[in-house]
Student: 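Below are the structure tokens for one structure; questions will follow.
Counting convention: from 1, in listed order, for ligands and their atoms alike.
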Amino acid sequence: MVVNVQELKNKYPLIKDMEQAKAVIWMNEGLMDTKSAMEGLTLSVDDIDDAERRWTRFAPFIEREFPETEEWGGLIESPLKEIGKMKDCLNTQWRAGLEGRLMLKMDSNLAVAGSVKARGGIYEILKHSEDLALEQGMITREDNYEKFALPRFREFFHRHSIHVGSTGNLGLSIGIISAALGYNVTVHMSMDAKQWKKDLLRQKGVHVMEYASDYSEAVKQGRKLAKEDPMSYFVDDENSVNLFLGYSVAAKRLKTQLDGTGVTVDGEHPLFVYIPCGVGGAPGGVAFGLKQVFGDHVYCFFEEPVQAPCMLLGVMTGLHNDICVQDIGLSGQTAADGLAVGRPSKFVGKTIAHMLAGEFTIGDDNLYRFMGALMDEEGIFIEPSSCAAFQGPAKLCSSPEGRKFLKEHGLEGQMAQAVHIAWATGGNLVPQDVRRQYYEKSRKLRAQQDTQ
Ligand SMILES: *Cc1c(COP(=O)(O)O)cnc(C)c1O
């Protein structure tokens, strides 16, 4: 499809800032009450419950294969931590004017994959494996799924292959879980993928194919190769409902965690959640889940790099995957490898179009600055992609767009009781020497003037 950029710019003037790679704030005028937003969608809370039960069935297998999940009883879950010092730092160094509490949802520390991809990617492979095993009569849903670790299961899965296209983290999660089950697994990596991620996968016996092109191209190649092999399965990050549902379970778990820390979410106590976005599956799935659990009291914001704001472009214009960031002259290249996606998921964009509160975009330099600040203030390391999560908390209350949004939604009087959650989407597997390089970079950048 040929996109008429001039026409789009007239209709959506924000594109004029976006094409210059400026950090922008977009508030979604299409945001609806949750009930209306759900109309016409095929997914519902029942699908999330079904996904949650599947995770529970697999818990004995996960606990056995990945003993680090023992404290969660074989569930792959992450801590929720209040980060008061980071909040103070945002208020002093970024003049954020943030009230209420700031928390970090530490999917950066999720077991097995060290990123949010542990939710969607692992879930999809578990679902596929359960489907195959059920089809063959190898299990029933009432069995103890520890069985999946038996040699005859591994031999069975070894006759099947898995393909996935990735900028890095999805490949890590799919590669690690698929190898654990015994599959023949190939990860198609885009040029953005970091070397250490490819090395780690190869160590685990995963085939890694490298492409000198972007994410969409890596996905295309994976899809093509999978098609040629009848015993193979392609994990389609751009369209997968299973990935989406795997992510969505996070919302129910978050509710339990908030309840446990005595946090209420209601009309007087709004919840603001900020999630880094690539193709859309992870933030979309999580946001969809949050809307089912907290309804109109949760406000979900996505965050994208200034060079790759694909979801913002797709949802704002309604063109979804018919538009890409290159259409408006952006490169799609960013230090936020997990977010380096030029064309958004149509399925996700359409599903969350009326649930998304808005978007913040962020320049690469600011990613590093937030990274360094979180290290210095809280002693927590998360990878640069994840740090996009702080752009919202830094800007919501201090920007004209944010303040207008709060006013229009009658939220101004409630901000002192608000909870803000920055969703840390990755970091745990980043090697020490890479962490040191990032930190050095952040120190240099923090010594300079804050730009975007
Ligand atoms: C993949 C990823 C995201 C975004 O997930 P999408 O499903 O691509 O939108 C965010 N942060 C990190 C660290 C990621 O790896």
Side-chain angles (χ1 to χ4, degrees), residues 78 104-110 112-124 164-175 187 189-190 192-194 197 214-216 218-219 235-248 250 273-289 300-305 308-315 321 332 334-349 351-352 356 359 362 367 370-371 381-392 422-430 434 438:
S78 74
L104 191 69
K105 178 61 178 159
M106 296 176 68
D107 278 4
S108 45
N109 289 49
L110 280 176
V112 188
S115 81
V116 68
K117 302 295 193 307
R119 299 185 183 279
I122 293 179
Y123 176 77
E124 171 136 8
V164 63
S166 173
T167 61
N169 284 341
L170 184 64
L172 277 182
S173 95
I174 301 274
V187 175
M189 288 285 202
S190 68
D192 310 285
K194 301 275 188 265
K197 295 184 182 176
D214 74 352
Y215 169 77
S216 309
V219 170
V235 177
D236 189 348
D237 196 20
E238 291 174 331
N239 301 292
S240 172
V241 175
N242 288 327
L243 272 174
F244 188 84
L245 290 173
Y247 291 120
S248 73
V273 181
Y274 309 90
I275 323 171
C277 178
V279 75
V286 171
F288 177 80
C300 301
F301 294 92
F302 291 177
E303 332 248 350
E304 293 181 288
C310 66
M311 187 56 71
L312 167 52
L313 203 53
V315 173
N321 64 340
T334 161
D337 54 338
L339 316 181
V341 178
R343 195 179 289 279
S345 161
K346 173 179 165 185
F347 155 65
V348 172
T351 304
I352 53 91
L356 182 63
E359 277 245 16
I362 177 171
L367 293 173
F370 286 136
M371 201 202 77
F381 170 81
I382 63 176
E383 63 187 79
S385 297
S386 289
C387 297
F390 289 109
Q391 185 79 341
W423 210 282
T425 43
N428 207 24
L429 295 187
V430 179
V434 179
Y438 288 161

Student: Using the side chain to side chain contact (heavy atoms under 4.5 Å, CB included) rule, take Met371 and Phe381 through it: C-alpha gap first, then chi angles, then the decisive distance, then the call.
Tutor: CA-CA 7 Å; Met371 201 202 77; Phe381 170 81; 3.9 Å; yes
Student: List the residues meeting ring-ring contact (aromatic ring centres under 6.0 Å, His included) with Phe302, not counting sequence neighbours, and say none if there are none.
Tutor: none
Student: Taking the side chain as C-beta and beyond, is there a heavy-atom pair between Ile174 and Val187 under 4.5 Å?
Tutor: no
Student: For ligand 1, what N or O to protein N or O distances fall under 3.5 Å?
Tutor:
{"from": "ligand 1", "atom 1": "7 (O)", "to": "Gly281", "atom 2": "N", "distance (Å)": "3.1"}
{"from": "ligand 1", "atom 1": "7 (O)", "to": "Ala282", "atom 2": "N", "distance (Å)": "2.8"}
{"from": "ligand 1", "atom 1": "8 (O)", "to": "Val279", "atom 2": "N", "distance (Å)": "3.0"}
{"from": "ligand 1", "atom 1": "9 (O)", "to": "Gly278", "atom 2": "N", "distance (Å)": "2.7"}
{"from": "ligand 1", "atom 1": "9 (O)", "to": "Val279", "atom 2": "N", "distance (Å)": "3.2"}
{"from": "ligand 1", "atom 1": "9 (O)", "to": "Gly280", "atom 2": "N", "distance (Å)": "2.7"}
{"from": "ligand 1", "atom 1": "11 (N)", "to": "Thr425", "atom 2": "OG1", "distance (Å)": "2.7"}
{"from": "ligand 1", "atom 1": "15 (O)", "to": "Lys117", "atom 2": "NZ", "distance (Å)": "2.7"}
{"from": "ligand 1", "atom 1": "15 (O)", "to": "Asn169", "atom 2": "ND2", "distance (Å)": "2.7"}

Student: So does Leu312 get a backbone contact from the side chain of Glu304, meaning a donor-acceptor N/O pair under 3.5 Å?
Tutor: yes
Student: Of all residues at least two apart in sequence or in a different chain, which pass the salt bridge (charged side-chain N to carboxylate O under 4.0 Å, His left out) check with Lys197?
Tutor: Asp337, Glu383
Student: Which residues pass the side chain to side chain donor-acceptor pair (under 3.5 Å) test with Thr334, sequence neighbours left out?
Tutor: Asp364
